[in-house]
Amino acid sequence: MLIDTSRRKFMEYAAITASVVALPSSLWGSTARSKFDLPKENSADFWLELSRKAYHKNAEIISTMANQKPVLAVIKNNAYGLGDVEVAKILDTSVHIEGFALVKADRALALRKAGIKKNILLMGDFDESLGQDLVENDIVLSIFSAHALQKIKSLSNNSKKQISTALYIDTGLGRMGIPFNQAFELATAASGSLGLNIKYTFSTLTTPKDFAKEQIRIFNDLIQELSREGVNVGKTHLAPSFSLIDLPSSHQDMVRPGILIHGSYPLANMDASKKWPLMPTYRLKSRVMRLEKLSAGDTIGFSRFYKVTKDEWIATLPIGWGDGYDSGAENGAKVLLNGALYPVINVNANHTNISLGANTMVKVGDIATLIGPEKPEITPEGFGKLVKRHNYLQINYKESIPKLIFDVF
Ligand SMILES: *Cc1c(COP(=O)(O)O)cnc(C)c1O
């Protein structure tokens, strides 16, 4: 079932699915298979499922949390492992989304090539060889140093097009942006540069509240000073997910969350998660590829990490930490399989084992949900709690994981 031809079939199926999901949900009807599960004959080993509805709903809720301000969605790191092109395509039609922000120039171009219409802010640097392409594709380029401004100015010398830029100010994060004591000078220089316009001015807040408030004050002072000088600073933004929730004065003209878009909060047990219940937007699924009954004394894995103490059925899923599933899962995570939760007992580079107990109805080919909205134990936050880690773990998912997009789940 796991041979290459079936993988190819699956990919074809995925392509077909991606185009039919726009049909009314009623067409899925109550057919024999659940509308979320793939037909068995089109078997893939593991994959991600994204919910259009959950992404759209989250965008709406986030904008409400920020008093109806627009949302600039941060989709760096391949949209935290979930597929930057896929997520941007879903959110490109949301009225709450101003645009997308990321840090790699090639991914900014990939979004445009995939047909994304909204604004795209490149928060990072770019290789000179991509410069003209970035300008042609209306990517907003960040001015984060004197050198970056020079680089963008030299691009404008070779281009008839106005170049949209963003002033990236460091108000205390200490790792990116123009140090604020140099910001006035560079901003006025950028403003006076022919062929450049300033579309955004932004900075990033830290989490400690007192310091974040100080950062906001510094930022607002700078904006005022620049406005007095006649510099058009464009739209302003400061707030990643944490500040968006923690500090309403951080909202500015728009907010700039990453993790909230996917339905997770930046920390576990935040009060806001009760007031604003976001929906996890994705599922990570895998088929059972092997099922064996092991006996007392048997062990599992290279290091013989798991020792079988009484006869038990062990399922092997063909996904491991090499694919981005967190290796900490073997310390308490659960997976959902045919309606029940089972403990993960071992994670290797390519395999994950789960214990099904002394008797089981599970069959090879059945589908396990490793992450999903169905049960508190397998939501991204629930998983993070069980393995005593944070809520951003999906960031390690490999780009090659196939993605299926559904209207609703
Ligand atoms: C990553 C990032 C964000 C989003 O952070 P979240 O905690 O995921 O909301 C916002 N702004 C900048 C500059 C970032 O690098």
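When a ligand or atom number is given, it counts from 1 through the structure's own listing order.
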Using a strict threshold of under 4.0 Å (side-chain N to carboxylate O), is an ion pair present between [Y] and [X]?
X	Y	value
D133	R112	no
K57	E60	yes
R217	E214	yes

**Study point:** Contact check, P257 vs ligand 1, heavy-atom distance below 4.0 Å
**Key:**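 Within the 4.0 Å threshold, so yes.
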
Review point. Are any of the heavy atoms in Y168 under 4.0 Å away from ligand 1?
Key: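 It does; at least one heavy atom falls under 4.0 Å.
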
Residue and atom name of the nearest protein heavy atom (relative to [atom]), distance in Å to one decimal:
atom	result
atom 13 (C) of ligand 1	T204 OG1, 3.1 Å
atom 14 (C) of ligand 1	K76 NZ, 3.0 Å
atom 10 (C) of ligand 1	R256 O, 3.3 Å

Check your understanding: Going by the angle between their ring planes, with limits at 30° and 60°, are Y325 and F383 parallel, tilted or perpendicular?
Key -> tilted

Check your understanding: Mind checking whether F202 and H237 have parallel, tilted or perpendicular rings, split at 30° and 60°?
Key ->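 Answer is parallel, since the angle falls under 30°.
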
Practice item. Would you mind running through ligand 1 and noting each atom that sits below 4.0 Å from a heavy atom of I259? Key: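 So the answer, numbered in order with elements, is 6 (P), 8 (O), 9 (O).
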
Point to revise | For Y80, the ligand 1 atoms whose distance to one of its heavy atoms is below 4.0 Å | key: 1 (C), 4 (C), 5 (O), 6 (P), 8 (O)

Practice item. Please answer whether the main-chain N or O of A79 pairs with a side-chain N or O of N77 as donor and acceptor at a distance below 3.5 Å. Key: no

So, regarding [X] and ligand 1 (criterion: nitrogen or oxygen to nitrogen or oxygen, under 3.5 Å), is there a contact or not?
X	value
P240	no
Y392	yes
S241	yes

Exercise for review: For this output row, return yes or no: ring centroids of Y397 and F46 closer than 6.0 angstrom.
Suggested key: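 Centroid distance Y397-F46: not below 6.0 Å, so no.
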
Exercise for review: Could you name the option among S142, G258, G124 that has the heavy atom nearest to atom 6 (P) of ligand 1?
Suggested key: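 Looking at heavy atoms only, G258 sits closest to atom 6 (P) of ligand 1.
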
Study note, to complete from the structure: Heavy-atom closest pair (T201 atom, F219 atom, distance to 0.1 Å) is O-CZ, 3.5 Å

